Structure formats: C-alpha cells, structure tokens
Colleague: 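Sharing a structure here in structure tokens format.
Nothing here was measured: the structure is a model prediction, and the numbers come from that model.
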Amino acid sequence: MAQPLNSYLPHKLIFGLVVLVIATIAGLVTALFPLGFLTRIALLAIVLSVLFFGWALQRDTQWGALGLIRWLILLVVALSVLWPRYLFVHKAGLPGVNPFTILTMAALFACCFGIANSRMFGRDLRVAFRSGGVAFSLFVAWFIWRMFSSVVGDEPLYSSLELAKEIVYIGSFSLFGLVLAAWEPGPRYLLRVLVGCGLLVSVFGIYEAFAQKNPLVGFIGEGADMVAPRVLIGIAAEKMRDGAFRAQSTFDHPIVFAQFVAALVPLALFSLMRDPSRFWRVVAFFALPCALLAIVKSGSRSGYASVAIAFALVASIWWFRAIVHGRFSKAVAIVALPALVFGVILGWFFLSELVAGRNQHEVSSTSIRLLMLRDGIAALWESPIWGFGHGLSVVKAGVVNPMGLSTIDNYLLSIAIDYGYVGLLLFVIGVFCFSARALVFAVSNNSVSGEYVGACLAAVVALVVTFSGVSIYQNMTLFWLILTAAVPVMSGSDVFRGAD
C-alpha cells in the first residue's frame, strides 16, 4: 500500500527550505563580496548543495561508486607520499594547481556524498569508528578542542582558516583510513601502497644524496599561497650539514623524509615476512635496505632514533609473543633476557649521544630546541588551558634561523602552545590508549594479525618520536592512516588471509 502524502511532507518541507536559504545566501554574497571571494563561496555552495541533494535522495542500498572511491583514496595516499606539497602545475593565465590537494578534496567530497546518500555506507563507517574505542573518541574530542581553541585564541580568523585547511588536507586522512578499514582487504592494499611508494621515495632520496642536487627544485613554481620562495630558502638552509648533503626526496624537509622512512621500516619488515603476494614481498625486500640507507642520507638524528626505537619495539613484541605462545621454553627466554636488556641499555646510550649531539652543529641544534621548549612553557602560563590558537606556536616560542625563517622544532610543543595542556593531553592519551591496546593484541594474538598490529604500533611510535624534533606535520597523514588501518584487525578482520 502506498504511504499517505502527508508522511513525505516534513522531508520535502525541509528540503525546500534549505534550497531557499542557500539561494538567498548566494544572492546576498554575490551582491556584497568581490569576485575572488565569490569563486570560493560559489564552489562551497555547490558542494553543500550536492551533499544536501544526496541526503534528500538517500538510499538503504550500498553506494554504487564505493569501489571507485576506494581506489581514488589509494591514489591520494600514493600522491601524499610521491607528490611534493610545494610543487604546483602551471598553465598560462591560470593559478598553480597541486594534484595532491585537488584529488584530496575530490576524495573527501566523494566520501561525504557517500555518507549522505547511502545509509549502508554510513553504517559501515560507524562500525569501523566504534571499533576504535576510547582512542578514536579522544581524537574526535581533540579535533573539536582544536576548533574551540582557535576560535577563542589570539587570532581567531587566521587560526580558524588555517586549522580548516589542515583538517581538509591532513585530518581527512582519518576518514580515508576508516573507509579503507571498513573494506576487508583495505588495510592490506594500504600497506602495499605505502611500501611501494616508500621504495620509490627512498631510491629518489638516495639518488639525490649522491647527485648532491634535488631535481624537483627546478620545477617549483609559486602556488596560491606563494609557498615557493619559502621552500627554496628552506632547502638552501638545510641541504648541507658539516659538509654532508642532506636528502629530503619529495618531502618538505630532510627530517620529515627520515620520519617517513623510519615508520616505513617495520611495515616493510612485516610485508617481507607475511604478505601473501610474492611480488610485494620482493618490493619489501628492496624497500628495507633502501629505507635504512635513506635515513643515513637524510642526516637526521631523529630518523636514527625513531628507527632504533621501532626495531627495539618489534624485537620486544617478538620476544614476548614467543614466550606467551610457547615458541621456545622459558629457560631459553630467561637466557636471552640479558641480551635483550644489554641491547636496550646500548640503545639508550646511543640515543642519549644523539640527543646531546655528536658535533658542534648538533649540540647547537639541541640547545636551540631546549630554548624553544623553555620559551614555550613560559608562554603557556598566559593561556594554559586552551592555548593561543592554531598556528601561533611559532610566534610564541619560535626561533629565527640564519635564513630569517621562524621555526619551532617540536610538534608536541606546538600542540601545547596552540591548544593548551588540554589539547596536548587529549592527543597524548589518545596515542597511549591506541598503543596499549595494540601492544596487548600484538602479544596475545598468535596469528599474522598480531604481527601486523605490532608493525603498525612500531610505525606509529616512530612517527611520534620524530615529532619531538620537528613541527612539520606532513606525516600526520601517515599517522591517521596507520592508526585507522590497525583497528579493524584488532576487532577480528582477517586482512591477511592465506599469509599464515
């Protein structure tokens, strides 16, 4: 029997009112604002209108374009590694275009449309999100707190706009990760894309180090935010240290490059041992030594420290798994314990020497970072709860380098200054909750899934460790992807079927 007409009236009435409001706002904006602003507002209005139409035509079935969107997300992931953020494509008379940002926007819009248009797609994402437990809830609270801090901070308009850009181009990868996590083979494909692209950027970085030149510099052009001059100055300032050339590959800075390949090492190690495809095991076989050599050629102390900690964590997980699951006797484990302790102590002395500095330049770098930390803590006395707003940490505690650029080389300190101690605690506790859950699962689960989660945990720890020495958050895309890819495995998803 057909439903009575009045059952549709609330839905139709809301639809008509929203369309009327959008049209009215569009007319007012057209009359009051200049052309450049109008273009952005028009694009935003079109996007919102399409999303609303998708919601108005919502269906219970699975979204037909979902397969295409998944592959689009994997392409965006590849571009996040392979395409430099500062490299724009230019056409005569048109502004520079960055393929990474364009495709990221397209993938984000497609995901939002899918959520609005398909109840089943939205339900799958909610299931994937709930599997994240307390950690995911804390990270959502962190995003909300950052918005609040930016609005009540010293420069609300600037902070809010800059935060919005970061959420679109960096935070959106948490959504992309959930889409892949809700797809059974998604984490496996994500791992392969990361290892394959990691091999390419490592080889490129090694070539750059031996050639003593970054070939990409010749292609840099000014983008919409005039980023090219700053990038060129930064490259010139950081390329040589104590007579050694520092490779940065496709990344914004040699430390960021080292951070990525350090996180890649445990993932490549797992792929080498457990990927069911022979081709991808071969890729991982070459990716491992290339990644380690790339860290050396980056000249980054943070890279050394991160990969050492990642290796130590993987070895510790393997040792505990062997004991828990009886792969060797407790007597053998006890005999092996002194070797493990000796390795930890040796690693501690090595890391201590790295932090203190092995030469005059490194000692000076450490002193500057300590100065930033002192100034940052002092600044937080002015606004300890919600900080000063997004992007203002460099103003409050930054140090001007010899090239005239103000920098703050600690992302965790940046979080504290921008969003207060509350923002820092939300982020740190979120990472701790994920790490604790992942560690327990990696040790207790006697399958390939446990090993995979252990590799993801080591990669996340490597990223976080490096963030204590750099404030560039380019690799937060990788952080969100790995985090969301590991969670469904801990909830029982068999993403590496046939790998045992």
Colleague: Which distance, rounded to the nearest 0.5 Å, do you find between the CG of N475 and the CZ of F257?
Modeller: 11.0 Å
Colleague: Restricting to non-hydrogen atoms, name the atom on C111 and the atom on I69 that form the minimum distance, rounded to 0.1 Å.
Modeller: SG-CG2, 4.1 Å
Colleague: Please check if the side chain of N410 supplies one atom and the backbone of L413 the other of a donor-acceptor pair under 3.5 Å.
Modeller: yes
Colleague: For a quick test of reading the model, state the closest non-hydrogen atom pair linking L138 to C433 and the distance between them.
Modeller: CD1-SG, 3.9 Å
Colleague: Should we say atom CE of M147 is surrounded by more than 12 heavy atoms from elsewhere, each under 6.0 Å from it?
Modeller: yes
Colleague: For the residue pair T484 and W480, confirm or rule out a side-chain donor-acceptor distance under 3.5 Å.
Modeller: no
Colleague: Going by ring-ring contact (aromatic ring centres under 6.0 Å, His included), name the residues that satisfy it together with F136, two or more places apart in sequence or in a different chain.
Modeller: F129
Colleague: Say whether, by atom type as modelled, one donor and one acceptor occur between the side chain of S159 and the main chain of P156 under 3.5 angstrom.
Modeller: no
Colleague: Give a yes or no on whether the backbone of W386 and the side-chain of S149 come within a donor-acceptor separation of less than 3.5 Å.
Modeller: yes
Colleague: Are S447 and N445 linked by a side-chain donor-acceptor pair shorter than 3.5 Å?
Modeller: yes
Colleague: Given side chain to side chain contact (heavy atoms under 4.5 Å, CB included), test I482 with L267 step by step and report yes or no.
Modeller: CA-CA 10 Å; I482 296 174; L267 300 178; 4.0 Å; yes
Colleague: Tell me, please, which residues at least two apart from S160 pass side-chain contact (heavy atoms from CB on, under 4.5 Å).
Modeller: S150, V151
Colleague: A side-chain contact here means heavy atoms from C-beta on lying under 4.5 Å apart; do V307 and F311 qualify?
Modeller: yes
Colleague: Shortest non-hydrogen contact from S393 to I417?
Modeller: CA-CG2, 3.6 Å
Colleague: Taking the six-membered ring for Trp and the full ring for Phe, Tyr or His, determine whether the centres of F173 and F176 are under 6.0 Å apart.
Modeller: yes
Colleague: Report the C-alpha distance between V395 and F388 in whole Å, list the side-chain angles of each, state the deciding distance to 0.1 Å, and finish with yes or no for side chain to side chain contact (heavy atoms under 4.5 Å, CB included).
Modeller: CA-CA 10 Å; V395 177; F388 300 95; over 6 Å; no
Colleague: With a 4.5 Å limit on heavy-atom distance, are the side chains of L157 and L161 in contact?
Modeller: yes
Colleague: Would you call K297-E208 a salt bridge at under 4.0 Å N-O?
Modeller: no
Colleague: When you look at CH2 of W142, are more than 12 heavy atoms from neighbouring residues, nucleotides or ligands closer to it than 6.0 Å?
Modeller: yes
Colleague: Any chance CZ of F285 has more than 12 other-residue heavy atoms, nucleotides or ligands included, within less than 6.0 Å?
Modeller: no
Colleague: Heavy atoms, side chains only, cut-off 4.5 Å: are I255 and S298 in contact?
Modeller: no
Colleague: Can you give me the closest heavy-atom contact between Y452 and V489, atom names plus distance?
Modeller: CE2-CG2, 3.5 Å
Colleague: Determine whether I73 and R70 make a side-chain contact, defined as any pair of heavy atoms from C-beta on separated by less than 4.5 Å.
Modeller: no
Colleague: For S202 and L293: C-alpha separation, side-chain torsions, deciding distance, then whether side chain to side chain contact (heavy atoms under 4.5 Å, CB included) applies.
Modeller: CA-CA 8 Å; S202 296; L293 181 57; over 6 Å; no
Colleague: Please confirm whether the backbone N or O of Y158 pairs with a side-chain atom of E155, one donor and one acceptor, at under 3.5 Å?
Modeller: no
Colleague: Can you see which heavy atom on S271 is nearest to which on W280, and at what distance?
Modeller: OG-O, 3.9 Å
Colleague: Can you name the closest pair of heavy atoms from A459 and A263 and give their distance?
Modeller: CB-O, 3.4 Å
Colleague: Is there side-chain contact between F279 and V283, with heavy atoms separated by less than 4.5 Å?
Modeller: yes
Colleague: Check whether any side-chain heavy atom of V296 lies under 4.5 Å from a side-chain heavy atom of L292, and answer yes or no.
Modeller: no
Colleague: Looking at R281 and L272, would you say the former's side chain and the latter's main chain have a donor-acceptor pair under 3.5 Å?
Modeller: no
Colleague: Which atom pairs, one a donor and one an acceptor, fall under 3.5 Å between side chains of residues 465-474 and the rest of the protein, sequence neighbours left out?
Modeller:
unit_1 : atom_1 : unit_2 : atom_2 : d
T466   : OG1    : S306   : OG     : 2.4
T466   : OG1    : A462   : O      : 2.8
S468   : OG     : V465   : O      : 2.5
S471   : OG     : I408   : O      : 2.4
Q474   : OE1    : D252   : N      : 3.2

Colleague: Show the numbers, then the answer: is there a side chain to side chain contact (heavy atoms under 4.5 Å, CB included) between V448 and F270?
Modeller: CA-CA 9 Å; V448 177; F270 169 81; 3.6 Å; yes
Colleague: Can you sort out the partners of E382 under salt bridge (charged side-chain N to carboxylate O under 4.0 Å, His left out), two or more places apart, ordered by chain and number?
Modeller: none
Colleague: Do V168 and M105 touch side chain to side chain, with heavy atoms closer than 4.5 Å?
Modeller: yes
Colleague: Taking ring-ring contact (aromatic ring centres under 6.0 Å, His included) as the criterion, tell me which of F434, Y411, F427 meets it with F479.
Modeller: F427
Colleague: Is the closest basic N to carboxylate O distance between R192 and D275 below 4.0 Å?
Modeller: yes
Colleague: Compare all side-chain heavy atoms of Q248 with those of H253 and state whether any distance is below 4.5 angstrom.
Modeller: no
Colleague: Donor-acceptor check, side chain of S300 to backbone of S302, threshold 3.5 angstrom: yes or no?
Modeller: yes
Colleague: Does Y419 have any ring-ring contact (aromatic ring centres under 6.0 Å, His included) partners at least two apart in sequence or in another chain, and if so, which?
Modeller: none
Colleague: Looking at residues at least two apart in the chain, or sitting in another chain, which of them share a side-chain contact (heavy atoms from CB on, under 4.5 Å) with I377?
Modeller: L373, Y421
